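For reference, the structure is listed below as structure tokens.
Since the structure is predicted, the reported quantities are computational estimates derived from the model, not experimental observations.
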There are 2 protein chains.
Amino acid sequence: MAGHPRFTLNRASPVPLYFQVAEQFEKAIIDGTIAPGERIDNEIALAKELGLSRPTMRQALQVLVDKGMLVRKRGVGTQVVHGKIRRSVELTSLFDDLSAAGQKPQTTVIAVGKVPADEDVARELQLKIGADVWSLERLRYVGKEPLALMHNYIPVDVVDLDAVDLSETGLYAYLRQSGVLMRVARQRIGARRAAPAEASLLHEKRGAPLLTMQRTAYDNAGRAVEYGRHAYRPDLYAFELTLVDR
Amino acid sequence: MAGHPRFTLNRASPVPLYFQVAEQFEKAIIDGTIAPGERIDNEIALAKELGLSRPTMRQALQVLVDKGMLVRKRGVGTQVVHGKIRRSVELTSLFDDLSAAGQKPQTTVIAVGKVPADEDVARELQLKIGADVWSLERLRYVGKEPLALMHNYIPVDVVDLDAVDLSETGLYAYLRQSGVLMRVARQRIGARRAAPAEASLLHEKRGAPLLTMQRTAYDNAGRAVEYGRHAYRPDLYAFELTLVDR
DNA sequence: GTCAACCATTTGTCCTGACATATTGACGTC
DNA sequence: GACGTCAATATGTCAGGACAAATGGTTGAC
């Protein structure tokens, strides 16, 4: 029987049991306490040892299977795949990404104000052409190098952008803080040549390749709450994601 | 009480009940039988109507929640978010994507053979530098336009590439067919200038921007089975993905 | 010695039942 | 009329049990 670390459960905690188990399992996998390729105990034994029911234990393991850290094979068992899985692309922003990486992103607000929606913006935000939307244009630095040119559009009834200093806070953090809950987003990642103005802002040469990302985020009710068109310097940034086949 | 379509269940089928329900729900959402924003019946009522237990009904709904088509709110109910969610990025290849879109991808094999692994390839495939690997270089067309230049590396003990005609079959389809099961992959999407040789093959101008994707795929045991470096024409291709916050 | 049949193991699916917790709206008090 | 309280409702979590199906090794027949 394969060994595994002792987990501690707190039944008084509001944190669900399956989540407590998943958290500790994930930690054990990341720090190598459970080696990659190792087969862990079967569900029933694990459940018994922790004093849980099998469904709860399964739910805990499922969390890690979804993250691509565990693989289950019927009739065989459950194995650890990897120690260092990067988290898959989540509903976060560049600001969050950089903060998590220990860097201190700096932002310059180029322009902010209400503008009439063009055809593109109106379609994505489910508004009529010409309707007022917030337009926010920012330049993000990492160190002293410009990294990304970001242009966001937000319906005027979602938040008030006049009242906030967006050079210190990330837009997504501000939206969450304002009670805007984003649940689903569609992203489109592509590439194109830099326009002259862009190249200048990003300290790139004319016609340099840029990595582009368009994102439309929706809230609980399916209402579009944010549409962004962003351009990144490809020598400084790339999108990484982990895919799991289920 | 919100109406919803009649579903048919086949208990004799090997397809799990929860999956049958999820499939039919998804179809109903996509074709608009259930309108976006509509609140569907509660889990207990749905389960009762279909003669299922609540856990099974929950499992069915969870599939669609994971896909971003449904949103659950405790104390409130379950709502339809979107009709036209694109599937999130999956463990498929460009060939699969195009086939699914009704297009007929054509492929030209530029070169195939065994080569010694360079530093990059060796690191990604967990091999020693200089070890033999399959190298496969292909050019993919959509219609008469070149779309992508694909360079794949595969450890020699995974499959035999000599025996197959890869101008007719997708590489991933061939791998699956050969019993290679890919479960997890890491992707990195970026952009760069086209090298002269690339530009020529892709019918692009010198120095044109290209969208690049590197992918390393792992099998059940965590063994790296494929590493690919690909370049796409950004005017013809982009990566689309749907993110769901959970 | 080879191959097929069998069996133990393990995950997959499905069931019933119970209580917890968040949300909303109605009710009642001040 | 405004505000707090309470109940109804729906999802979230958890338990315990049962059978099905896939896998891999073992046993047995030839």
What is the separation between atom [atom1] on [X] and atom [atom2] on [N], rounded to the nearest whole Å?
X: B:L70; N: D:dG12; atom1: CG; atom2: P; result: 11 Å
X: B:Q79; N: C:dA22; atom1: CD; atom2: P; result: 20 Å
X: A:R72; N: C:dT10; atom1: CZ; atom2: P; result: 15 Å
X: A:F19; N: D:dT13; atom1: CZ; atom2: C1'; result: 14 Å
X: B:L17; N: D:dC19; atom1: CG; atom2: P; result: 17 Å
X: B:Y18; N: D:dA20; atom1: OH; atom2: C1'; result: 14 Å
X: A:R39; N: D:dT23; atom1: CZ; atom2: C1'; result: 11 Å
X: B:K48; N: D:dT9; atom1: NZ; atom2: P; result: 14 Å

Of the nucleotides [options], which has the atom closest to the [X] side chain?
X: B:T78; options: C:dT11, D:dT11, D:dT13; result: D:dT11
X: A:T56; options: C:dT16, D:dC14, D:dG12; result: D:dC14
X: B:R11; options: C:dT13, C:dC14, C:dT10; result: C:dC14
X: B:R54; options: D:dC14, C:dT11, D:dT11; result: D:dT11

TODO: Flag the pair A:Q187 / A:M213 as yes when at least one side-chain heavy-atom distance between them is below 4.5 Å, and no otherwise.
DONE: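 Yes, at least one pair of side-chain atoms sits under 4.5 Å.
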Open item on the list: Side chains of A:W134 and A:K114, heavy atoms from C-beta outward: is any pair under 4.5 Å?
Closed with: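 Side chain of A:W134 against side chain of A:K114, heavy atoms only: contact under 4.5 Å found.
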TODO: Report yes if a donor N or O on one partner sits less than 3.5 Å from an acceptor N or O on the other, where the partners are the side chain of A:R74 and the base of D:dG24; otherwise report no.
DONE: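 It does not, because no donor-acceptor pair links the side chain of A:R74 to the base of D:dG24 below 3.5 Å.
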TODO: Assess the side chains of A:N10 and A:Q20: does a donor N or O sit below 3.5 Å from an acceptor N or O?
DONE: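 Result is no, nothing qualifies.
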TODO: Determine the contact category for A:P55: base if any of its heavy atoms lies under 4.0 Å from a base atom, sugar-phosphate if only primed atoms, P, OP1 or OP2 are that close, otherwise nothing.
DONE: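 Since a base atom lies under 4.0 Å of A:P55, the category is base.
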- [ ] Using the six-membered ring wherever Trp is involved, compare the ring planes of B:F7 and B:F25 and label them parallel, tilted or perpendicular (cut-offs 30° and 60°).
- [x]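 The arrangement is perpendicular - the two ring planes meet at more than 60°.
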Task: Side-chain ion pair, A:E124 and A:R188, N-O less than 4.0 Å - done: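 No.
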- [ ] Please tell me which of A:V76 and A:P16 maps to the more 5' nucleotide of DNA chain D, matching each residue to the nucleotide holding its nearest heavy atom.
- [x]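 Final value for this comparison: A:P16.
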